[in-house]
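In the text below, chain A, chain B and the rest are named by the order of the sequence lines, each starting its count at 1. Just so you know, these numbers use all the heavy atoms, side chains as well, and skip hydrogens, waters and symmetry mates.
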Protein chains: 2
Amino acid sequence: MSLRHALLGLLAAAPASGYELTKQFEMSLGNAWGARHSQIYPELRRLAEEGLLEAGDEGARGRKEYTITPDGRAELRRWLVDTEPDRSARNEPLLRVFFLWVLPDEEAAAYLDKEAASYRTHLEALDEIDRTAPWGRSPVARMFRISLEEGRRWATTMAEWAEWAAGEIRSGRSAAELEGMS
Amino acid sequence: MSLRHALLGLLAAAPASGYELTKQFEMSLGNAWGARHSQIYPELRRLAEEGLLEAGDEGARGRKEYTITPDGRAELRRWLVDTEPDRSARNEPLLRVFFLWVLPDEEAAAYLDKEAASYRTHLEALDEIDRTAPWGRSPVARMFRISLEEGRRWATTMAEWAEWAAGEIRSGRSAAELEGMS
DNA sequence: AATTGCATGTAAATTGTTACATGATTTT
DNA sequence: AAAATCATGTAACAATTTACATGCAATT
């Protein structure tokens, strides 16, 4: 279960409330893993029961802040170092491309144009984060920047690929003609 | 639910059994979406009940072949054209990178080396598919090749990124020093 | 005074994984 | 004759989403 380790990872940087953690899943982390508040709150409670987190007193508006414990840090480290990442990714936009052949060429190409535009928009959003984020000298900030660069390279590659693919379809090349071209 | 549309998409190309569809999820499709036979068999039954597929007679060893119906093709088209793709991807290797800062620099860099190697291996597997797949002139083959190219560009970008990231960490640059470099 | 945002939770339904269970056919 | 592969299914469990539900605090 990646959710608990994502929560431990976020809380390893700084204590936070369930609400704040939910926002982080919506923002930066959302590109790699998704979670709603309805999943986050019960998981935080469980992690606290297991001693990996410590729950603070209730603040304004019932806010509860969770802090990671030494056991929590150890578990996070164990996950990173001793377990193999699950490489079975889930990506619906990618899935759709396999089936685009059911559409007439021009519709398929138009679909890929839209995909390309979406990746370009995403790239602009990442560039904006890059420009406006408060970059510090901490290891956390350095790794965040490296993650951001990963996102930027990925979005750039996907945009270029979608543009290329739309062109291939419009040029009407058959699979046979494509052979030995890449 | 993407699973049903993935099944419709595969069956739009050719009739197949649940067993064969399971193999396709393990192979090519697995890079974009995963599904086990225990999820596939009941879903095929449901799709047949709804009239989107038609189940053939039982063949050798109880094999059942499903064929897509016109309603099934219409639903596949509707999904591709009229619905927005869910862009909330799930990717555990990406998630881990956000938290690599908890490791000492050399351990984090070693982790990224391993990631890079994994992407290079994946790329080789895709190249092997490229070399050995029976490329035809059909729209299906053309789109499969375009999907394969997507995977190759993605794997190449990720490998290059991981190698760059390991270098950045080993060079000991702080986040502040990284600024204005990209 | 009303709206928006902060803040937490639960319940029901759906989706997905792991484990259990069986049997025929082909290959070694 | 044994092992591997083909082939299908169900049950229990875990993860995730959607919907329901509440209330305080700050802004307009």
Step by step, work out the salt bridge (charged side-chain N to carboxylate O under 4.0 Å, His left out) result for R170(A) and E106(A). CA-CA 7 Å; R170(A) 289 208 172 86; E106(A) 184 45 39; 3.1 Å; yes
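- dT17(D) atom P lies 11 Å from atom CZ of R90(A), rounded to whole Å.
- Residues forming a side-chain contact (heavy atoms from CB on, under 4.5 Å) with E107(A) (at least two apart in sequence, or on another chain): L103(A), P104(A), R77(B), V81(B).
- For S28(B), there are no side-chain hydrogen bond (donor to acceptor under 3.5 Å, both in side chains) partners two or more places apart in sequence or in a different chain.
- Comparing the local axis fitted to the first five base pairs of the helix from dA1(C)-dT28(D) to dT28(C)-dA1(D) with the one fitted to its last five gives a bend of 30°, rounded to 10°.
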Look for any protein N or O under 3.5 Å of an N or O in nucleotides 19-22 of chain C and output each such pair with its distance, or none.
none

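- Scanning residues 7-24 of chain A for heavy-atom distances under 4.0 Å to DNA chain D yields an empty list.
- In terms of position on DNA chain D, the residue among R36(A) and Y66(B) whose nearest nucleotide sits closer to the 5' end is Y66(B).
- Looking at R46(B) and E49(B), no side-chain N of the basic residue comes within less than 4.0 Å of a carboxylate O on the acidic one, giving no salt bridge.
- Taken residue by residue, residues 40-47 of chain A places no heavy atom nearer than 4.0 Å to DNA chain D.
- R4(A) comes within contact range of no nucleotide atom at all, as no heavy-atom separation falls under 4.0 Å.
- Both the sub-6.0 Å distance and the 45° axial angle are not jointly satisfied by R152(A) relative to the ring of W161(B).
- For R78(A), the side-chain hydrogen bond (donor to acceptor under 3.5 Å, both in side chains) partners two or more places apart in sequence, or in a different chain, are E75(A).
- Looking at K23(B) and E20(B), no side-chain N of the basic residue comes within less than 4.0 Å of a carboxylate O on the acidic one, giving no salt bridge.
- With hydrogens and angles ignored, the 3.5 Å screen pairs a side-chain donor or acceptor of T121(B) with a backbone N or O of A117(B).
- Salt-bridge formation is not detected for the pair E124(A)/R120(A): no Lys NZ or Arg NE/NH1/NH2 atom is positioned less than 4.0 Å from an Asp or Glu carboxylate oxygen.
- As a whole-Å value, the separation of E26(A) CD from dC6(C) C1' is 13 Å.
- For residues 84-129 of chain B, the ring-ring contact (aromatic ring centres under 6.0 Å, His included) pairs, not counting sequence neighbours, are Y119(B)-W154(B).
- Nearest nucleotide to the side chain of R63(B), out of dG9(C), dT17(C), dA7(D): dA7(D).
- For the residue pair S88(A) and D86(A), a side-chain donor N or O sits within less than 3.5 Å of a side-chain acceptor on the partner.
- For Q24(A), the side-chain contact (heavy atoms from CB on, under 4.5 Å) partners two or more places apart in sequence, or in a different chain, are L10(A), L21(A).
- E65(B) pairs by the side-chain contact (heavy atoms from CB on, under 4.5 Å) definition with P15(B), R63(B), not counting sequence neighbours.
- Across the protein-nucleic acid pair, E58(A) atom CD and dG9(C) atom P stand 7 Å apart, rounded to whole Å.
- Seen from the ring of W79(A), R4(A) does not count as a face-on cation partner, given the 6.0 Å and 45° thresholds.
- Evaluation of the side-chain hydrogen bond (donor to acceptor under 3.5 Å, both in side chains) rule for E160(A) yields no partner, not counting sequence neighbours.
- Rounded to an integer number of Å, the gap from M1(B) CE to dT15(C) P is 4 Å.
- Defined by atom type and a distance below 3.5 Å, a donor-acceptor pair is present between the side-chain atoms of E92(B) and S2(A).
- The distance from atom CD of E65(B) to atom P of dC6(D) is 16 Å, rounded to the nearest whole Å.
- Here the nucleotide nearest the side chain of Q39(A), chosen from dA15(D), dG9(C), dT15(C), is dA15(D).
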With the criterion being N/O to N/O and under 3.5 Å, what pairs connect the protein with nucleotides 26-28 of chain D, and how long is each?
none

